[in-house]
Amino acid sequence: MSLDFTPPPDSVRWRKYAGRDVIPLWVADMDFPAPPAVVGALQARIACGLYGYGEPWPSLVEAVIEHCQREYGWRIEAEWLVWLPGLVPGLHAACHAVGMAGDGVFTATPVYPPFLSAPLKARRRLMTLPLVRSEAGWGWDFAAADAIMRSSRLFLLCHPHNPVGRAWRSDELWQLAALAEKHDLVVCSDEIHCDLTLTGRHTPFAALAPEIAARTITLMAPSKTFNLAGLGCAWAIIPDAALRHAFEGATHGIVPQPNVLGLVACEAALREGGAWRAQLLDTLRSHAARVEQVVNALPNLSMERVEASFLAWIDCRELGLAHPAAFFEEAGIGLSDGAAFGPGSAYAQYVRINFGTTRTLLDRALERIRKACTA
Ligand SMILES: Cc1ncc(COP(=O)(O)O)c(C=O)c1O
């Protein structure tokens, strides 16, 4: 495959189809180099030659606090922060920290696969509820959520939601918050895609009200936004001291500190990555519109508008195939298999496409999809 950039030799996404003419649009990282300010900060840090144990420093913590204030109007305190090498360890820690073996953990499907595996690894009972697709797009069945949350202790919320691409509105968040209050649940809100909201301003679940924040673990990172996933840097925001100590206890001795290079990249990205991010969002809006246009013009595929991230969830049921992901792979497009995003084979006839790539490659992939679906 001829490319106008060179993927790094360690790339998980690119290695999967090495040597094959398959365009890899599966795992969620992008083909865009990080902001120049981040590259510069990393180069300066590497040049110093000392790579001992590290920890976050005051101006980095200040950068996160300022980011939350500037981007979401959310005032957080330094002591609420727990640093992590990634969000997935945070999901696991939340499942271990809340309740006990056998307790229910609620989440809505289709969803990023670790939401399904983390509760089971912590010996919790996984309780799933399908999101519903209507004229208005993907949304919640709040009555069904009410019933299922009654027997849960923890609610894993994906906000914005991977893979359906919804950036939950305040009224939807308030309804979920009211149910969490009613059934006294802890909420772990994974907001990793929040700075890639394409349609408006992000409202953190915990920012709704202090009493909501008191029952919430918010997980965030610069990794998706600035394409830094391999650098291992993320944080949890946990205002309630007892919940924070339980969460920290669940990570202790198992989850390492973030990588020092990740911390350096994080501060540079938050402080100096604004213009780069604005440009990225323009590109992603244009790519999302293109994917939607091509997909919805085909008689056997459909999707809803993407409100956040660089991922789109495609309904392939009309193709009438048992395994659309394999069909597309055969046609030269490597997509995420929908089967991984829910229990059993509920979503086996869906695929997820990553459009965080160059326009040339995206157009080539969309043309392959179009040809495969009209052949
Ligand atoms: C919703 C969500 N949470 C977490 C992650 C991964 O987080 P990390 O790489 O920080 O563990 C992803 C990656 O795609 C994701 O989409």
Side-chain angles (χ1 to χ4, degrees), residues 10-13 16 24-32 34 64 81-95 105 107-119 121 128 131 138 155-168 187-198 202 204-205 217-237 247 250-251 254-259 261-263 265-266 269 284 306-313 334-338 340-342 347 350-357:
D10 48 46
S11 165
V12 168
R13 183 159 55 82
K16 179 168 179 183
L25 302 179
W26 61 293
V27 87
D29 56 23
M30 301 187 286
D31 286 323
F32 308 126
V64 172
L81 288 172
V82 180
W83 291 85
L84 297 165
L87 261 76
V88 171
L91 291 170
H92 283 268
C95 290
V105 177
T107 199
T109 61
V111 74
Y112 177 60
F115 280 59
L116 306 170
S117 52
K121 288 247 165 66
T128 58
L131 293 169
W138 289 96
F155 170 23
L156 300 181
L157 172 66
C158 197
H159 173 45
H161 193 101
N162 170 10
V164 303
R166 280 297 316 280
W168 303 117
V187 180
C188 178
S189 185
D190 176 331
E191 306 192 4
I192 195 169
H193 295 283
C194 73
D195 291 333
L196 295 175
T197 301
L198 305 176
H202 174 72
F205 182 77
I217 298 165
T218 304
L219 302 176
M220 290 179 165
S223 51
K224 297 291 162 189
T225 315
F226 298 101
N227 208 21
L228 309 174
L231 289 176
C233 174
W235 61 82
I237 303 172
F247 181 91
T251 65
I254 301 175
V255 177
Q257 279 290 302
N259 183 295
L261 296 179
L263 295 172
C266 178
L284 296 183
V306 178
E307 296 175 345
S309 85
F310 46 87
L311 306 166
W313 183 240
L335 305 175
S336 298
D337 185 345
F341 292 75
Y347 299 102
Y350 290 77
V351 292
R352 191 192 70 177
I353 186 169
N354 170 351
F355 56 81
T357 187

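Here the structure is a predicted model, which is why all the values come from computation and not from measurement. Numbering of ligands and ligand atoms starts at 1, following listing order.
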Determine the sole option in Asp337, Thr109, Val111 for which the side chain to side chain contact (heavy atoms under 4.5 Å, CB included) test with Tyr347 is passed.
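Running side chain to side chain contact (heavy atoms under 4.5 Å, CB included) over Asp337, Thr109, Val111 with Tyr347 returns exactly one hit, Thr109.
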What residue and heavy atom of the protein are closest to [atom], and at what distance?
atom: atom 13 (C) of ligand 1; result: Lys224 NZ, 2.8 Å
atom: atom 12 (C) of ligand 1; result: Tyr112 CZ, 3.3 Å
atom: atom 11 (O) of ligand 1; result: Val88 N, 3.0 Å
atom: atom 7 (O) of ligand 1; result: Ile192 CD1, 3.5 Å
atom: atom 3 (N) of ligand 1; result: Asp190 OD2, 2.5 Å

Hey, what do you get for [atom1] ([X]) to [atom2] ([Y]), rounding to the nearest 0.5 Å?
X: His193; Y: His159; atom1: NE2; atom2: NE2; value: 12.5 Å
X: Thr107; Y: His161; atom1: OG1; atom2: NE2; value: 7.0 Å
X: Lys16; Y: Trp26; atom1: NZ; atom2: CH2; value: 5.0 Å

With a cut-off of 4.0 Å, which atoms of ligand 1 are near a heavy atom of [X]?
X: Cys158; answer: 1 (C)
X: Gly86; answer: 10 (O), 11 (O)
X: Ala28; answer: 14 (O)

Anything under 30° is parallel, anything over 60° is perpendicular, the rest tilted; go ahead and classify Tyr350 against Trp313.
parallel
Within the structure, does Asn162 bring an N/O atom to less than 3.5 angstrom of an N/O atom in ligand 1?
yes
Nitrogen or oxygen of Leu87 less than 3.5 angstrom from that of ligand 1
yes
Is His161 close enough to touch ligand 1? Criterion: a residue heavy atom under 4.0 Å from a ligand atom.
no
Can you check whether Lys224 reaches Ser309 side chain to side chain, under 4.5 Å on heavy atoms?
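In short, these two side chains do not touch, never coming nearer than 4.5 Å.
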Are there protein heavy-atom neighbours of atom 9 (O) of ligand 1 below 4.0 Å?
no
Residues, nucleotides or ligands: over 12 heavy atoms within 6.0 Å of Lys121 NZ:
no
Which heavy atom of Ala167 sits nearest a heavy atom of Thr197, and at what distance?
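Distance-wise, the nearest heavy atoms are CB-CG2, 4.1 Å.
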